[in-house]
Amino acid sequence: MTEIRDATEGDVAAILGIHNAAIATSTAIWDTEPVDHDERLHWYRDRVAAGYPVLVAEAAGRIAGYASYAQWRSKSGYRHTMEHSVYLADGFHGRGIATLLMTELVARATKNDVHAMVAVIGSDNPASIALHDKLGFRVVGRMPEVGRKFDRWLDLTLMQLTLTAE
C-alpha cells in the first residue's frame with residue numbers, strides 16, 4: 001500500500017537521494033551536478049514557508065517518490081500559475097505512484113485557488129508526458145534544443161492544466 005503525505009524535514013535525505021539519482025542518471029532534471037543536503041533542506045523550508053506543498057509517497061517502508069509545486073515565475077502576475085515536479089525512486093516506476101502523487105498535488109492546487117499548473121518535461125520522457133496527458137494536461141508548446149546534458153541537445157515539452165474558470 002502507498003501512503004501520500006506531507007513531507008517532513010526527516011524526509012529530506014530521501015528526497016535528496018531521489019533528486020540526485022535523477023540528476024545522475026536521467027534527463028528528468030537538467031542539472032549536471034548533484035546537490036547537497038543543505039540545498040534540499042533550504043528548498044524544502046522555502047516551499048513550506050511559502051505555503052506550497054511538498055508531498056512524499058511512502059511504499060514498502062521507503063520514500064518512493066516526492067512531488068511539489070511553486071510559483072512558475074517570480075513576477076507577481078504569475079502568482080496563480082504553479083510549476084510542479086514529481087520524481088520517483090528507482091524501483092518504483094510503473095506502479096501508479098506518480099499518479100497518486102500528482103492527483104493529490106492537483107487536489108491541493110485546486111483547494112489553494114491555483115488557476116493553472118505547468119509541467120516542464122524533457123521531450124525524451126514519454127512516460128511523464130503520458131502521465132500528464134492522462135491527468136488532463138495538454139501540450140501547449142515544444143522548444144527544440146533548449147538544454148544540454150549527457151553531450152546531447154534536449155528538447156522541452158510544456159504542458160498545462162487549467163484548474164479554475166476565473
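- In summary, of the residues considered (Leu55, Val56, Leu131), a side-chain contact (heavy atoms from CB on, under 4.5 Å) with Leu101 occurs for Leu55 alone.
- Scanning both residues, Ala59 and Thr2, for their nearest heavy atoms gives CB-OG1, 3.7 Å.
- Considering every non-hydrogen atom in both Glu39 and Val35, the closest pair reads OE1-CG2, 3.4 Å.
- Annotation: the span from Arg108 atom CZ to Ile4 atom CD1 amounts to 10.0 Å, rounded to 0.5 Å.
- Residue Met143 shares its hydrophobic cluster (ILVMFWY side chains chained together at separations under 4.5 Å) with Trp30, Trp72, Tyr78, Val118, Val120, Val140, Val146, Leu154, Leu156, Leu158.
- In this structure, a donor-acceptor pair under 3.5 Å is present between the side chains of Lys134 and Thr99.
- Taking every heavy atom of both residues into account, Ile97 and Ala57 meet most closely at CG2-CB, 3.5 Å.
- Crowding of His93 atom NE2: a count of heavy atoms from other residues, nucleotides or ligands under 6.0 Å exceeding 12.
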List the steps and the verdict of side chain to side chain contact (heavy atoms under 4.5 Å, CB included) for Leu135 and Thr103. CA-CA 8 Å; Leu135 294 172; Thr103 299; 4.0 Å; yes
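- When Asp11, Leu105, Ile15 are each tested for a side-chain contact (heavy atoms from CB on, under 4.5 Å) with Val54, only one passes: Ile15.
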Going through the distances and angles, do Val114 and His80 end up as a side chain to side chain contact (heavy atoms under 4.5 Å, CB included)? CA-CA 5 Å; Val114 170; His80 301 289; over 6 Å; no
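- Evaluation of the side chain to side chain contact (heavy atoms under 4.5 Å, CB included) rule for Leu161 yields Val106, Phe137, Leu163 as partners, not counting sequence neighbours.
- One finds the OG1 atom of Thr157 at 4.5 Å from the CZ atom of Arg142 (value rounded to the nearest 0.5 Å).
- Taking the charged nitrogens against the carboxylate oxygens, Arg152 and Asp124 do have a contact shorter than 4.0 Å, which makes a salt bridge.
- Considering all non-hydrogen atoms of both residues, Ile29 and Tyr87 come closest at CG1-OH, 3.3 Å.
- In this structure, the side chain of Arg47 does not engage the main chain of Tyr44 through any donor-acceptor pair within 3.5 Å.
- The backbone N or O of Thr164 sits less than 3.5 Å from a side-chain atom of His115, completing a donor-acceptor pair.
- Atom NZ of residue Lys75 and atom CD of residue Gln71 lie 11.0 Å apart, to the nearest 0.5 angstrom.
- Ser85 and Ser68 are not linked by any side-chain donor-acceptor pair at a separation below 3.5 angstrom, with hydrogens and angles left out of the test.
- Taking CD1 of Ile18 as the reference point, atom CG of Leu88 lies at 7.5 Å (rounded to 0.5 Å).
- Here the closest heavy-atom approach between residue Ile129 and residue Gly122 is recorded as CD1-O, 4.3 Å.
- Applying the side-chain hydrogen bond (donor to acceptor under 3.5 Å, both in side chains) test to Thr25 and every residue at least two apart in sequence or in another chain returns nothing.
- Other residues, nucleotides and ligands place no more than 12 heavy atoms under 6.0 Å from the CZ atom of Arg73.
- At distances below 3.5 Å, at least one donor-acceptor pair connects side-chain atoms of Asp155 with backbone N or O atoms of Glu145.
- No side-chain heavy atom of Tyr66 sits less than 4.5 Å from a side-chain heavy atom of Leu16.
- Here CH2 of Trp43 is found 15.0 Å from CG of Asp38. Values are rounded to the nearest 0.5 Å.
- At a threshold of 4.0 Å, the pair Asp133-Arg138 counts as salt-bridged, since one of the basic side-chain nitrogens sits closer than that to a carboxylate oxygen.
- Enclosure of atom CZ in Arg5 by more than 12 non-hydrogen atoms of other residues, nucleotides or ligands within 6.0 angstrom is indicated.
- Formation of a donor-acceptor pair under 3.5 Å by the Lys149 side chain with backbone atoms of Ser26 is found in this model.
- Tracing side-chain contacts under 4.5 Å through hydrophobic residues (I, L, V, M, F, W, Y), one never reaches Leu100 starting from Ile63; they form parts of separate clusters.
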Walk me through it: do His37 and His42 pass the test side chain to side chain donor-acceptor pair (under 3.5 Å)? CA-CA 9 Å; His37 188 270; His42 182 73; over 6 Å; no
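- Between Met117 atom CE and His84 atom NE2 the span is 5.0 Å, to the nearest 0.5 Å.
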